[in-house]
Amino acid sequence: MKKTLQTIIHGPWAYWVGAIILGVLNILVLIVRRQPWGVTLNIENWTEWIGTNLGILNDRGFTFQGLMAASGTYLNLGLLLGAFWATLVASQVRFRPIRDKKFFFSALIGGLLMGYGARIAYGCNVGALLNGIASSSLTGWIFAVAVFLGAWLGSKLLLKYLI
Amino acid sequence: MENSAFRSQRKWNIGFILFLTLLLALLSQISIHLTLIMVLGISLGFVLQKSRFCLVSALRDPILVGMTQLTRAFLLLLGISILGFALVSWSAAQRNIPLSLNIFPFGVHTVVGGLLFGIGMVLAGGCSTGILIRIGEGFAMQLVAFFGLAVGSVLGERSVKKWSNAFGEWPGIFLPDILGWVPTLILEIIALSALWQWARWWQKKQLGE
(Lines give C-alpha, C1' and ligand atoms only; values in the text may rest on other atoms or scores of the structure.)
Protein backbone atom coordinates (compact mmCIF):
# COMPACT_ATOMS: atom_id res chain seq x y z
CA MET A 1 0.00 0.00 0.00
CA LYS A 2 2.77 2.40 0.99
CA LYS A 3 4.74 1.27 -2.01
CA THR A 4 1.79 1.97 -4.35
CA LEU A 5 1.44 5.46 -2.90
CA GLN A 6 5.16 6.04 -3.36
CA THR A 7 4.88 5.08 -7.04
CA ILE A 8 1.84 7.30 -7.54
CA ILE A 9 3.68 10.28 -6.05
CA HIS A 10 7.19 9.66 -7.31
CA GLY A 11 6.38 7.91 -10.55
CA PRO A 12 7.15 6.80 -13.08
CA TRP A 13 3.77 5.32 -13.90
CA ALA A 14 3.60 2.45 -16.36
CA TYR A 15 3.11 3.63 -19.95
CA TRP A 16 -0.16 1.73 -20.35
CA VAL A 17 -1.57 3.38 -17.21
CA GLY A 18 -0.66 6.75 -18.71
CA ALA A 19 -2.25 5.76 -22.04
CA ILE A 20 -5.58 4.82 -20.44
CA ILE A 21 -5.85 7.95 -18.26
CA LEU A 22 -4.74 10.21 -21.13
CA GLY A 23 -7.31 8.55 -23.39
CA VAL A 24 -10.10 9.29 -20.90
CA LEU A 25 -8.90 12.88 -20.42
CA ASN A 26 -8.64 13.37 -24.19
CA ILE A 27 -12.28 12.28 -24.57
CA LEU A 28 -13.36 14.52 -21.67
CA VAL A 29 -11.70 17.52 -23.37
CA LEU A 30 -13.76 16.78 -26.50
CA ILE A 31 -16.97 16.63 -24.43
CA VAL A 32 -16.33 19.84 -22.47
CA ARG A 33 -14.73 21.84 -25.27
CA ARG A 34 -16.87 20.41 -28.11
CA GLN A 35 -13.66 20.38 -30.07
CA PRO A 36 -10.58 18.14 -29.68
CA TRP A 37 -7.50 19.02 -27.62
CA GLY A 38 -4.84 20.95 -29.54
CA VAL A 39 -1.67 22.79 -28.59
CA THR A 40 0.07 24.84 -31.29
CA LEU A 41 -2.74 27.03 -32.66
CA ASN A 42 -3.08 28.79 -29.31
CA ILE A 43 0.70 29.30 -29.06
CA GLU A 44 0.61 30.77 -32.57
CA ASN A 45 -2.23 33.13 -31.64
CA TRP A 46 -0.40 34.42 -28.55
CA THR A 47 2.76 34.96 -30.60
CA GLU A 48 0.70 36.93 -33.15
CA TRP A 49 -0.58 39.14 -30.34
CA ILE A 50 2.91 39.70 -28.87
CA GLY A 51 4.38 40.34 -32.33
CA THR A 52 1.65 42.87 -33.12
CA ASN A 53 2.27 44.72 -29.85
CA LEU A 54 6.00 44.80 -30.49
CA GLY A 55 5.26 46.25 -33.92
CA ILE A 56 6.95 43.34 -35.76
CA LEU A 57 3.82 41.78 -37.23
CA ASN A 58 0.82 43.30 -38.95
CA ASP A 59 -2.36 43.01 -36.91
CA ARG A 60 -4.50 39.95 -37.46
CA GLY A 61 -7.07 40.94 -34.88
CA PHE A 62 -5.97 39.00 -31.81
CA THR A 63 -6.88 40.81 -28.58
CA PHE A 64 -5.82 40.10 -25.01
CA GLN A 65 -9.46 39.67 -23.97
CA GLY A 66 -10.06 37.26 -26.83
CA LEU A 67 -7.03 35.15 -25.97
CA MET A 68 -7.90 35.10 -22.27
CA ALA A 69 -11.34 33.77 -23.20
CA ALA A 70 -9.90 31.03 -25.46
CA SER A 71 -10.02 27.50 -24.07
CA GLY A 72 -6.66 26.67 -25.68
CA THR A 73 -4.97 29.15 -23.34
CA TYR A 74 -6.16 27.25 -20.27
CA LEU A 75 -5.25 23.87 -21.73
CA ASN A 76 -1.67 25.00 -22.39
CA LEU A 77 -1.36 26.83 -19.08
CA GLY A 78 -2.75 23.73 -17.38
CA LEU A 79 -0.18 21.48 -19.09
CA LEU A 80 2.62 23.67 -17.81
CA LEU A 81 1.26 23.93 -14.25
CA GLY A 82 0.30 20.25 -14.14
CA ALA A 83 3.78 19.12 -15.20
CA PHE A 84 5.37 21.46 -12.68
CA TRP A 85 3.09 20.17 -9.95
CA ALA A 86 3.85 16.54 -10.85
CA THR A 87 7.55 17.35 -10.45
CA LEU A 88 6.94 19.21 -7.20
CA VAL A 89 4.93 16.45 -5.45
CA ALA A 90 7.93 14.18 -6.04
CA SER A 91 10.30 16.90 -4.73
CA GLN A 92 12.15 16.84 -8.03
CA VAL A 93 11.90 20.54 -8.85
CA ARG A 94 15.16 22.03 -9.99
CA PHE A 95 16.44 24.12 -12.86
CA ARG A 96 18.05 21.97 -15.54
CA PRO A 97 20.51 24.05 -17.59
CA ILE A 98 21.61 23.28 -21.13
CA ARG A 99 24.63 20.99 -20.96
CA ASP A 100 26.23 21.93 -24.25
CA LYS A 101 26.05 24.85 -26.68
CA LYS A 102 25.10 22.53 -29.55
CA PHE A 103 21.88 21.64 -27.73
CA PHE A 104 20.94 25.32 -27.67
CA PHE A 105 21.05 25.40 -31.46
CA SER A 106 19.39 22.05 -31.98
CA ALA A 107 16.55 23.17 -29.68
CA LEU A 108 16.17 26.47 -31.52
CA ILE A 109 16.28 24.95 -35.01
CA GLY A 110 14.12 22.02 -33.93
CA GLY A 111 11.54 24.38 -32.45
CA LEU A 112 11.43 26.52 -35.60
CA LEU A 113 10.99 23.49 -37.88
CA MET A 114 8.34 22.08 -35.59
CA GLY A 115 6.34 25.29 -35.35
CA TYR A 116 6.47 25.85 -39.10
CA GLY A 117 5.62 22.23 -39.88
CA ALA A 118 2.73 22.10 -37.43
CA ARG A 119 1.06 25.20 -38.82
CA ILE A 120 1.32 24.28 -42.51
CA ALA A 121 -0.15 20.86 -41.63
CA TYR A 122 -2.89 22.42 -39.42
CA GLY A 123 -1.70 20.79 -36.21
CA CYS A 124 0.95 19.12 -34.10
CA ASN A 125 1.28 15.64 -32.63
CA VAL A 126 -1.82 16.24 -30.55
CA GLY A 127 -4.17 18.23 -32.79
CA ALA A 128 -3.27 16.66 -36.12
CA LEU A 129 -1.81 13.24 -35.32
CA LEU A 130 -3.52 11.91 -32.17
CA ASN A 131 -6.80 13.73 -32.63
CA GLY A 132 -6.74 13.66 -36.43
CA ILE A 133 -6.67 9.88 -36.23
CA ALA A 134 -9.08 9.88 -33.27
CA SER A 135 -11.48 11.92 -35.45
CA SER A 136 -11.28 9.17 -38.12
CA SER A 137 -9.85 11.69 -40.55
CA LEU A 138 -7.69 10.46 -43.42
CA THR A 139 -5.46 13.53 -43.01
CA GLY A 140 -4.49 12.31 -39.52
CA TRP A 141 -3.08 9.07 -40.93
CA ILE A 142 -1.21 10.86 -43.74
CA PHE A 143 0.31 13.27 -41.20
CA ALA A 144 1.27 10.35 -38.91
CA VAL A 145 3.25 8.63 -41.70
CA ALA A 146 5.02 11.90 -42.54
CA VAL A 147 5.91 12.59 -38.88
CA PHE A 148 7.25 9.05 -38.49
CA LEU A 149 9.49 9.51 -41.56
CA GLY A 150 10.55 12.90 -40.22
CA ALA A 151 11.44 11.36 -36.85
CA TRP A 152 13.54 8.79 -38.70
CA LEU A 153 15.41 11.54 -40.57
CA GLY A 154 15.77 13.51 -37.34
CA SER A 155 17.25 10.47 -35.58
CA LYS A 156 19.84 10.16 -38.36
CA LEU A 157 20.78 13.83 -37.88
CA LEU A 158 20.90 13.35 -34.11
CA LEU A 159 23.26 10.40 -34.38
CA LYS A 160 25.45 12.13 -36.93
CA TYR A 161 25.85 15.57 -35.35
CA LEU A 162 24.74 15.59 -31.73
CA ILE A 163 25.44 12.38 -29.87
CA MET B 1 18.06 10.32 1.49
CA GLU B 2 15.09 10.01 -0.83
CA ASN B 3 12.83 10.76 2.13
CA SER B 4 14.65 13.90 3.19
CA ALA B 5 14.56 15.19 -0.38
CA PHE B 6 10.85 14.47 -0.35
CA ARG B 7 10.39 16.58 2.79
CA SER B 8 12.47 19.40 1.44
CA GLN B 9 9.88 20.50 -1.12
CA ARG B 10 6.79 19.56 0.85
CA LYS B 11 6.12 23.12 1.99
CA TRP B 12 6.39 24.38 -1.56
CA ASN B 13 4.00 21.67 -2.66
CA ILE B 14 1.38 22.76 -0.10
CA GLY B 15 1.86 26.36 -1.19
CA PHE B 16 1.47 25.43 -4.84
CA ILE B 17 -1.71 23.45 -4.18
CA LEU B 18 -3.14 26.52 -2.41
CA PHE B 19 -2.12 28.68 -5.35
CA LEU B 20 -3.78 26.32 -7.86
CA THR B 21 -6.95 26.13 -5.76
CA LEU B 22 -7.12 29.91 -5.53
CA LEU B 23 -6.49 30.29 -9.26
CA LEU B 24 -9.25 27.82 -10.12
CA ALA B 25 -11.64 29.41 -7.60
CA LEU B 26 -11.04 32.82 -9.16
CA LEU B 27 -11.48 31.45 -12.67
CA SER B 28 -14.72 29.73 -11.67
CA GLN B 29 -16.15 33.17 -10.84
CA ILE B 30 -15.59 34.15 -14.46
CA SER B 31 -16.37 30.91 -16.26
CA ILE B 32 -17.16 27.38 -15.08
CA HIS B 33 -16.43 26.13 -18.60
CA LEU B 34 -12.87 27.52 -18.60
CA THR B 35 -12.32 26.21 -15.07
CA LEU B 36 -13.22 22.69 -16.20
CA ILE B 37 -10.91 23.07 -19.20
CA MET B 38 -8.07 24.17 -16.94
CA VAL B 39 -8.62 21.24 -14.56
CA LEU B 40 -8.39 18.93 -17.58
CA GLY B 41 -5.23 20.73 -18.76
CA ILE B 42 -3.60 20.36 -15.33
CA SER B 43 -4.57 16.67 -15.24
CA LEU B 44 -3.11 16.10 -18.72
CA GLY B 45 0.13 17.80 -17.70
CA PHE B 46 0.31 15.82 -14.47
CA VAL B 47 -0.29 12.45 -16.14
CA LEU B 48 2.03 13.19 -19.07
CA GLN B 49 4.84 13.99 -16.63
CA LYS B 50 4.22 11.11 -14.24
CA SER B 51 3.97 8.47 -16.97
CA ARG B 52 6.86 9.97 -19.00
CA PHE B 53 4.51 9.85 -21.97
CA CYS B 54 6.27 11.42 -24.90
CA LEU B 55 5.27 11.18 -28.53
CA VAL B 56 8.84 11.85 -29.60
CA SER B 57 10.03 8.74 -27.77
CA ALA B 58 7.07 6.77 -29.13
CA LEU B 59 8.02 7.58 -32.73
CA ARG B 60 11.81 7.86 -32.38
CA ASP B 61 12.84 5.09 -29.98
CA PRO B 62 11.88 2.20 -32.30
CA ILE B 63 14.43 3.63 -34.74
CA LEU B 64 17.04 4.91 -32.30
CA VAL B 65 17.16 2.14 -29.70
CA GLY B 66 14.66 -0.50 -30.83
CA MET B 67 12.33 0.00 -27.84
CA THR B 68 8.61 -0.01 -28.55
CA GLN B 69 6.85 -0.08 -25.14
CA LEU B 70 5.87 3.57 -25.46
CA THR B 71 4.97 3.12 -29.13
CA ARG B 72 2.53 0.40 -28.13
CA ALA B 73 1.13 2.53 -25.29
CA PHE B 74 0.59 5.31 -27.84
CA LEU B 75 -1.30 2.88 -30.09
CA LEU B 76 -3.48 2.04 -27.07
CA LEU B 77 -4.11 5.77 -26.54
CA LEU B 78 -5.09 6.07 -30.21
CA GLY B 79 -7.47 3.12 -29.93
CA ILE B 80 -9.19 4.48 -26.80
CA SER B 81 -9.47 7.93 -28.40
CA ILE B 82 -10.91 6.60 -31.67
CA LEU B 83 -13.66 4.67 -29.88
CA GLY B 84 -14.35 7.52 -27.44
CA PHE B 85 -14.50 10.13 -30.20
CA ALA B 86 -16.88 7.92 -32.20
CA LEU B 87 -19.18 7.50 -29.20
CA VAL B 88 -19.11 11.22 -28.32
CA SER B 89 -19.69 12.46 -31.87
CA TRP B 90 -22.45 9.91 -32.44
CA SER B 91 -24.31 10.85 -29.25
CA ALA B 92 -23.78 14.57 -29.94
CA ALA B 93 -25.39 14.11 -33.35
CA GLN B 94 -28.35 12.29 -31.71
CA ARG B 95 -28.95 15.29 -29.44
CA ASN B 96 -28.17 17.95 -32.05
CA ILE B 97 -25.25 19.25 -30.01
CA PRO B 98 -22.73 21.04 -32.23
CA LEU B 99 -19.33 19.34 -32.11
CA SER B 100 -16.36 19.76 -34.39
CA LEU B 101 -13.79 17.06 -35.01
CA ASN B 102 -10.32 17.56 -36.49
CA ILE B 103 -11.08 16.82 -40.13
CA PHE B 104 -8.45 18.97 -41.81
CA PRO B 105 -7.84 19.53 -45.53
CA PHE B 106 -4.74 17.85 -46.87
CA GLY B 107 -2.18 18.39 -49.58
CA VAL B 108 1.55 18.46 -50.19
CA HIS B 109 1.89 20.73 -47.15
CA THR B 110 0.49 17.99 -44.89
CA VAL B 111 3.40 15.74 -45.85
CA VAL B 112 6.03 18.51 -45.83
CA GLY B 113 4.68 19.79 -42.51
CA GLY B 114 4.76 16.30 -41.00
CA LEU B 115 8.34 15.72 -42.16
CA LEU B 116 9.54 19.07 -40.78
CA PHE B 117 7.63 18.49 -37.56
CA GLY B 118 9.13 15.02 -37.17
CA ILE B 119 12.70 16.25 -37.73
CA GLY B 120 12.14 19.26 -35.49
CA MET B 121 10.74 17.37 -32.53
CA VAL B 122 13.69 14.97 -32.47
CA LEU B 123 16.18 17.86 -32.61
CA ALA B 124 14.30 19.86 -29.96
CA GLY B 125 13.86 16.88 -27.63
CA GLY B 126 10.08 17.14 -27.41
CA CYS B 127 7.02 17.84 -29.52
CA SER B 128 4.94 20.93 -28.75
CA THR B 129 3.22 19.17 -25.84
CA GLY B 130 6.47 17.61 -24.63
CA ILE B 131 8.14 21.01 -24.68
CA LEU B 132 5.50 22.45 -22.34
CA ILE B 133 5.90 19.45 -20.02
CA ARG B 134 9.69 19.79 -19.94
CA ILE B 135 9.52 23.52 -19.28
CA GLY B 136 7.33 22.62 -16.30
CA GLU B 137 10.04 20.18 -15.21
CA GLY B 138 12.59 22.99 -15.38
CA PHE B 139 14.53 22.23 -18.58
CA ALA B 140 16.21 25.28 -20.11
CA MET B 141 16.72 23.55 -23.48
CA GLN B 142 12.98 23.30 -24.11
CA LEU B 143 12.53 26.96 -23.18
CA VAL B 144 14.73 27.74 -26.17
CA ALA B 145 12.74 25.25 -28.25
CA PHE B 146 9.53 26.98 -27.17
CA PHE B 147 10.81 30.29 -28.49
CA GLY B 148 11.61 28.58 -31.81
CA LEU B 149 8.20 26.91 -31.83
CA ALA B 150 6.40 30.22 -31.29
CA VAL B 151 8.30 31.99 -34.09
CA GLY B 152 8.04 29.00 -36.42
CA SER B 153 4.29 28.66 -35.87
CA VAL B 154 3.68 32.26 -36.97
CA LEU B 155 5.86 31.77 -40.07
CA GLY B 156 3.97 28.56 -40.86
CA GLU B 157 0.51 30.00 -40.28
CA ARG B 158 1.34 32.91 -42.58
CA SER B 159 2.67 30.75 -45.41
CA VAL B 160 0.20 27.86 -45.51
CA LYS B 161 -1.89 29.75 -48.11
CA LYS B 162 1.12 29.87 -50.42
CA TRP B 163 1.59 26.12 -50.10
CA SER B 164 -2.04 25.33 -50.85
CA ASN B 165 -2.12 27.78 -53.77
CA ALA B 166 1.06 26.34 -55.26
CA PHE B 167 0.41 22.62 -54.83
CA GLY B 168 -3.33 22.37 -54.30
CA GLU B 169 -5.38 21.22 -51.36
CA TRP B 170 -8.14 18.68 -50.97
CA PRO B 171 -10.97 18.78 -48.45
CA GLY B 172 -10.49 16.54 -45.42
CA ILE B 173 -11.96 13.06 -45.70
CA PHE B 174 -14.05 11.85 -42.77
CA LEU B 175 -13.69 8.09 -43.16
CA PRO B 176 -17.18 7.17 -41.82
CA ASP B 177 -18.70 9.31 -44.62
CA ILE B 178 -17.17 6.96 -47.18
CA LEU B 179 -17.05 3.63 -45.41
CA GLY B 180 -19.74 3.96 -42.74
CA TRP B 181 -19.11 4.00 -38.99
CA VAL B 182 -18.78 0.27 -38.29
CA PRO B 183 -16.36 -0.61 -41.13
CA THR B 184 -14.26 2.49 -40.31
CA LEU B 185 -13.90 1.51 -36.67
CA ILE B 186 -13.14 -2.12 -37.53
CA LEU B 187 -10.55 -1.05 -40.10
CA GLU B 188 -8.88 1.39 -37.71
CA ILE B 189 -8.73 -1.09 -34.85
CA ILE B 190 -7.29 -3.73 -37.20
CA ALA B 191 -4.67 -1.23 -38.39
CA LEU B 192 -3.71 -0.33 -34.82
CA SER B 193 -3.53 -4.00 -33.77
CA ALA B 194 -1.33 -4.80 -36.76
CA LEU B 195 0.99 -1.92 -35.85
CA TRP B 196 1.00 -3.16 -32.24
CA GLN B 197 2.03 -6.65 -33.34
CA TRP B 198 4.68 -5.20 -35.63
CA ALA B 199 6.05 -3.03 -32.80
CA ARG B 200 6.31 -6.04 -30.50
CA TRP B 201 8.03 -8.07 -33.21
CA TRP B 202 10.40 -5.18 -33.95
CA GLN B 203 11.53 -4.89 -30.32
CA LYS B 204 12.11 -8.66 -30.12
CA LYS B 205 14.12 -8.51 -33.30
CA GLN B 206 16.20 -5.51 -32.15
CA LEU B 207 16.75 -6.37 -28.50
CA GLY B 208 16.11 -10.09 -28.50
CA GLU B 209 13.83 -10.17 -25.48
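Below, read A as the first sequence line, B as the second, and so on, with proteins coming before strands; counting in each chain starts at 1. Just the heavy atoms: all of them, side chains too, but no hydrogens, waters or symmetry mates, feed the values below.
With a 4.5 angstrom heavy-atom cutoff, B/Ile97 touches chain A only via side-chain atoms. Both the backbone and the side chain of A/Pro12 come within contact range of chain B, judged by heavy atoms closer than 4.5 Å. Looking at B/Val88, only its side chain comes within 4.5 Å of chain A, counting heavy atoms on both sides. If you measure heavy-atom distances from A/Asn45 to chain B, you find no contacts under 4.5 Å at all. For A/Val29, the parts sitting under 4.5 Å from any heavy atom of chain B are the backbone and the side chain alike. Looking at B/Ala58, neither its backbone nor its side chain comes within 4.5 Å of chain A, counting heavy atoms on both sides. There is no contact between A/Trp46 and chain B, counting heavy-atom distances below 4.5 Å. Both the backbone and the side chain of A/Asn58 come within less than 4.5 Å of a heavy atom of chain B. Only the backbone of A/Arg94 has a heavy atom closer than 4.5 Å to any heavy atom of chain B.
The side-chain heavy atoms of B/Ile135 and A/Leu80, taken from C-beta on, include a pair separated by under 4.5 Å.
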Note to self: Go through it in stages, so that I can follow the logic: the residues are A/Ser136 and B/Glu188, the test is side-chain contact (heavy atoms from CB on, under 4.5 Å), and I'd like the CA-CA distance, side-chain angles, deciding distance and then a yes or no.
What the structure shows: CA-CA 8 Å; A/Ser136 293; B/Glu188 284 171 333; 3.0 Å; yes
Note to self: Does A/Leu81 form a side-chain contact (heavy atoms from CB on, under 4.5 Å) with B/Leu23? I'd like the steps, not just the answer.
What the structure shows: CA-CA 11 Å; A/Leu81 294 175; B/Leu23 196 68; 4.0 Å; yes
Next item on the list: Kindly indicate, with the supporting measurements, whether the criterion side-chain contact (heavy atoms from CB on, under 4.5 Å) is fulfilled by A/Leu138 and B/Phe174.
Entry: CA-CA 7 Å; A/Leu138 184 64; B/Phe174 184 47; over 6 Å; no
Next item on the list: Run the numbers on B/Arg158 and A/Leu57 for side-chain contact (heavy atoms from CB on, under 4.5 Å), then give the verdict.
Entry: CA-CA 11 Å; B/Arg158 285 172 178 240; A/Leu57 298 171; 3.8 Å; yes
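A/Arg119 places no side-chain N or O within 3.5 Å of a backbone atom of B/Gly152 that could act as its donor or acceptor partner. When atom types are taken as modelled, the side chain of B/Lys50 and the backbone of A/Ile8 share no donor-acceptor pair closer than 3.5 angstrom. The backbone N or O of B/Phe104 sits less than 3.5 Å from a side-chain atom of A/Thr139, completing a donor-acceptor pair. With B/Glu157 contributing its side chain and A/Ile120 its backbone, the two residues share no donor-acceptor pair below 3.5 Å. Panel note: side chain B/Gln69, backbone A/Tyr15; no donor-acceptor pair is recorded below 3.5 Å.
Options A/Leu158, A/Leu22, A/Ile43 differ in how many heavy-atom pairs under 4.5 Å they form with chain B, and the most are formed by A/Leu22. Here B/Val154 is the residue among B/Val154, B/Ile133, B/Leu187 with the most heavy-atom pairs under 4.5 Å with chain A. Between chain A and the residues B/Ser89, B/Ala92, B/Gly79, B/Ser100, the most heavy-atom pairs under 4.5 angstrom are made by B/Ser100. Of the listed residues B/Leu20, B/Ile42, B/Leu175, the one with more heavy-atom pairs under 4.5 angstrom with chain A than any other is B/Ile42. The greatest number of non-hydrogen atom pairs below 4.5 Å with chain B, out of A/Ile142, A/Leu88, A/Asn76, is found for A/Leu88.
Between A/Phe84 and B/Phe16, the ring planes are perpendicular. Angles over 60° get that label, and only those under 30° would be called parallel.
Residues A/Tyr122 and B/Phe106 keep their aromatic ring centres 6.0 Å or farther apart.
With rounding to the nearest 0.5 Å, the separation of CD1 in A/Ile31 from CG in B/Leu40 is 9.5 Å. Here B/Phe139 contributes atom CZ and A/Arg96 contributes atom CZ; the two are 4.5 Å apart, rounded to the nearest 0.5 Å. Taking CG from B/Leu55 and CG from A/Leu130, the interatomic distance works out to 7.0 Å, rounded to the nearest 0.5 Å. Between atom CG of residue B/Leu155 and atom CG of residue A/Leu112 there is a gap of 7.0 Å, rounded to the nearest 0.5 Å.
Listed by chain and number, the residues in a side chain to side chain contact (heavy atoms under 4.5 Å, CB included) with A/Tyr161 are A/Leu157 (sequence neighbours excluded). Under the rule for a side-chain hydrogen bond (donor to acceptor under 3.5 Å, both in side chains), B/Arg60 has no partner lying at least two apart in sequence or in another chain.
No donor-acceptor contact under 3.5 angstrom links the side chains of A/Ser135 and B/Asn102, judged on distance only.
Heavy-atom neighbours of B/Arg52 CZ from other residues, nucleotides or ligands within 6.0 Å: above the threshold of 12. Atom CH2 of A/Trp16 has 12 or fewer neighbouring heavy atoms from other residues, nucleotides or ligands inside a 6.0 Å radius.
A/Ala134 and B/Ser81 make their closest contact through CB-CB, 3.6 Å (heavy atoms, listed as atom of the first residue, atom of the second, distance). The heavy-atom pair separating B/Leu77 from A/Ala19 by the smallest distance is CD1-O, 3.6 Å. Pairing each heavy atom of A/Ser106 with each of B/Leu123, the nearest pair is OG-O, 3.1 Å. Residue B/Ala124 comes nearest to A/Gly111 through the heavy atom pair CB-N, 3.9 Å, listed as atom of the first residue, atom of the second, then distance. Between B/Ile37 and A/Ser71, the closest heavy-atom pair is CG2-O, 3.5 Å.
Applying the ring-ring contact (aromatic ring centres under 6.0 Å, His included) test to residues at least two apart or on different chains, none of the pairs has a partner in residues 54-94 of chain B.
Near-neighbour residues of residues 143-156 of chain A relative to chain B, defined by a heavy atom under 4.5 Å from a heavy atom of that chain, comprise A/Phe143, A/Ala146, A/Val147, A/Phe148, A/Leu149, A/Gly150, A/Ala151, A/Trp152, A/Leu153, A/Gly154, A/Ser155.
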